[in-house]
Amino acid sequence: MKNDIIKRLFIICLALAVVLPGTAVNANITLSKSETSKYINAISVRQMKEVKNPSHSSAGGEWTVMGLARAGKITNSYKNIYKKNLKKTLDSQKGELSKNAFTEYSRTVIALTSIGENPYNFYGYDVISPLAEADNVMKQGMNGLVYALIALECGNYNNVKPRNGYDGKVGNIEKYKNSLVSSALPNGGWALFGKKADVDMTAIAIQALAPFYKESKVKNAIDEGLKVISSKQKDTGGFETMGNENCESASQVLTALSSLKISIKDKRFVKKKHTVLDSLMSYYHNGGFRHLKGGLINQMATDQALYALVAYRNTLENDPPLFNMKKVAVKKKARKPASKKSKTKIKTTIAVKNGEQINTETQTKKKKNKNKSNQIKSKPTSVKTAETTTAQDEKSKEDKASPVWFWIGLAVVFAGGVAFAIYKKVGRQDV
């Protein structure tokens with residue numbers, strides 16, 4: 001009996017140790033490429049199921065779209081829903097995503113780049129030029145700076161010009177990179193506020209500077225930042241923000257390490273045999289991620305965890321880092337002119353036949369022909385349907401035109417209106 005109980009407990013322990021999508025993941029694990037892909041697949045399915053209407057938003061918006069795109073799981077229909085919703089936002093706000101929070105532009109440029117859309121001309125809107133306005137970008141401090149750098153660098157968008165009317169400092173990849181390096185704290189790392197480095201800001205700054213790691217000043221700043229991250233890692237392998245160990249911090253650190261192709265087994269980032277991946281996957285549940293352990297699945301946590309796992313898989317497969325989207329970026333700087341549509345005018349004439357009103361609509365289209373001698377023009381009249389003639393005939397008619405025709409036409413229209421009024425008054429009484 002005792003042996004049977006021991007056997008059963010042993011079997012239960014083995015079952016709990018098995019890692020499968022849809023269950024919480026135990027600590028001290030290393031995911032292979034295929035295992036990581038299984039999780040990415042499960043998360044992607046849930047994302048598109050739960051976020052059915054992706055729009056311009058920090059959660060369930062651009063980061064969702066970017067994560068799915070970089071995972072290779074986004075569908076054309078899902079892209080189209082997002083593009084349609086983004087266009088609606090731009091239409092309603094006259095092309096201006098924000099006056100002060102320019103991370104709105106950065107996030108949008110990153111998402112559009114990931115799906116192969118042109119941020120210089122998205123349905124006629126230029127959403128990238130605001131990122132060249134350094135004074136506006138810096139209104140959000142470090143947050144504005146790091147994401148502007150990521151957005152411009154992700155598609156190698158060089159020499160972006162500010163919008164017309166802007167007369168402040170101009171920013172670009174090089175200037176933002178140098179500003180970020182010089183903004184590092186004396187003891188290493190970066191902070192969103194104050195002079196004490198925080199994990200999230202340091203990890204995101206490292207992601208932004210990773211493409212320039214070979215440069216000595218950048219390398220020194222990143223290395224000092226990595227020391228800060230290592231010193232703040234918990235025994236669980238995770239990290240705290242504002243006193244709470246959470247999923248998003250683990251996601252940002254995993255993304256940062258992956259951007260530099262640093263193994264999660266690097267001794268600097270292993271505490272009590274636990275890695276940052278152990279911490280991240282401890283928040284996993286049924287295709288989503290919790291913000292805090294034991295909490296509910298959270299959209300922002302899921303967005304960040306998905307792209308962190310994509311970044312991790314890219315390292316395993318020796319693919320370009322998460323934010324290196326140069327292969328899919330579209331950077332046509334020239335604004336496409338608005339398509340020239342033929343103008344259609346509708347002329348309505350009113351007639352009365354057998355006591356019934358008859359409305360006749362005549363469409364006239366103005367078309368331009370390259371050969372001016374064959375150019376066709378429409379000359380509308382008040383009563384007749386429009387007649388088309390050659391330019392020469394038209395000019396001849398115009399020369400012979402008399403004000404008399406105007407008064408005749410006006411009289412006919414007036415007579416028709418009277419007839420219609422009589423019809424309305426008399427005819428409607430019979431109904």
Side-chain angles (χ1 to χ4, degrees), residues 51-58 60-66 68-70 74-137 139-140 144 147-168 170-173 323 325-346 363 365-368 370:
V51 187
K52 295 179 180 178
N53 195 37
S55 58
H56 180 66
S57 174
S58 59
E62 281 76 28
W63 295 126
T64 305
V65 169
M66 189 276 289
L68 290 169
R70 299 300 286 152
I74 198 166
T75 62
N76 286 331
S77 60
Y78 201 80
K79 288 182 192 177
N80 290 334
I81 293 172
Y82 168 68
K83 291 192 293 183
K84 180 180 178 181
N85 286 335
L86 176 58
K87 182 180 181 298
K88 282 183 180 178
T89 298
L90 288 164
D91 287 342
S92 65
Q93 298 177 189
K94 298 181 180 179
E96 186 173 56
L97 294 177
S98 178
K99 291 184 181 296
N100 297 307
F102 273 45
T103 50
E104 299 289 316
Y105 291 103
S106 297
R107 197 176 68 236
T108 302
V109 169
I110 292 169
L112 290 178
T113 302
S114 73
I115 59 175
E117 289 292 326
N118 184 6
Y120 286 99
N121 185 0
F122 177 74
Y123 288 102
Y125 293 107
D126 176 0
V127 296
I128 195 171
S129 289
L131 296 183
E133 300 168 8
D135 293 342
N136 290 326
V137 166
K139 287 180 180 179
Q140 285 180 282
Y147 281 110
L149 179 55
I150 290 173
L152 293 177
E153 171 59 23
C154 77
N156 194 26
Y157 299 114
N158 288 304
N159 303 317
V160 178
K161 306 296 182 184
R163 293 172 294 185
N164 293 334
Y166 174 76
D167 59 358
V170 177
N172 55 35
I173 293 174
F323 290 119
M325 309 180 198
K326 296 174 179 62
K327 288 185 177 180
V328 296
V330 177
K331 341 181 256 189
K332 295 179 181 178
K333 296 181 182 179
R335 280 57 164 172
K336 295 179 181 178
S339 58
K340 294 181 180 179
K341 297 181 180 179
S342 59
K343 295 181 179 180
T344 302
K345 289 187 177 181
I346 299 178
Q363 295 184 351
K365 293 186 177 181
K366 292 184 178 181
K367 295 184 180 180
K368 292 184 178 180
K370 292 182 180 179

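Source: prediction; values computed, not measured.
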| task | Output every pair passing ring-ring contact (aromatic ring centres under 6.0 Å, His included) with a member in residues 79-101, not counting sequence neighbours, ordered by first then second residue. | result | none
First locate atom [atom1] of [X], then atom [atom2] of [Y], and finally report the distance between them rounded to the nearest 0.5 Å.
X      : Y      : atom1 : atom2 : result
Arg163 : Ser129 : CZ    : OG    : 8.0 Å
Asn158 : Ile173 : CG    : CD1   : 4.0 Å
Ile128 : Lys331 : CD1   : NZ    : 9.5 Å
Ser98  : Gln140 : OG    : CD    : 7.0 Å

Non-hydrogen side-chain atoms of [X] and [Y] separated by less than 4.5 Å:
X      : Y      : result
Tyr120 : Lys161 : no
Glu104 : Val127 : no
Thr64  : Tyr78  : yes
Leu97  : Leu90  : yes
Glu153 : Lys326 : yes
Asn121 : Asp126 : no

| said: Does Val65 form a side-chain contact (heavy atoms from CB on, under 4.5 Å) with Ile74? I'd like the steps, not just the answer. | reply: CA-CA 7 Å; Val65 169; Ile74 198 166; 3.9 Å; yes
Where is the tightest heavy-atom contact between [X] and [Y], given as atom of each residue plus distance?
X      : Y      : result
Ala132 : Val160 : CB-O, 3.3 Å
Ala151 : Leu131 : CB-CD1, 3.7 Å
Ala329 : Thr113 : CB-CG2, 3.8 Å

| request: Ignoring hydrogens and angles, tell me if any N or O in the side chain of Glu62 forms a donor-acceptor pair with the backbone of Ser57 under 3.5 Å. | output: yes
| query | Donor-acceptor pair, Glu133 side chain versus Tyr166 backbone, under 3.5 Å? | reply | no
State which residues pass side chain to side chain donor-acceptor pair (under 3.5 Å) with [X]; sequence neighbours excluded, sorted by chain then number.
X      : result
Thr75  : Ser77
Lys84  : none
Tyr125 : Asp91
Glu96  : Lys99

| note | For Tyr147, the ring pair (Phe, Tyr, Trp, His ring centres under 6.0 Å) test, sequence neighbours excluded, returns Trp63
| said: Taking ring pair (Phe, Tyr, Trp, His ring centres under 6.0 Å) as the definition, give me every residue that meets it alongside Phe102, ordered by chain and number, with sequence neighbours left out. | reply: Tyr105
| Partner set under salt bridge (Lys or Arg N to Asp or Glu O under 4.0 Å) for Arg70, not counting sequence neighbours | none
| task | Could you list the residues that satisfy side chain to side chain contact (heavy atoms under 4.5 Å, CB included) with Asn85, not counting sequence neighbours? | result | Asn53, Ser55, Ile81, Lys88
| field | Sequence-distant partners of Lys83, side chain to side chain contact (heavy atoms under 4.5 Å, CB included), two or more places apart | value | Asn80, Ile115, Glu117, Phe122, Tyr123
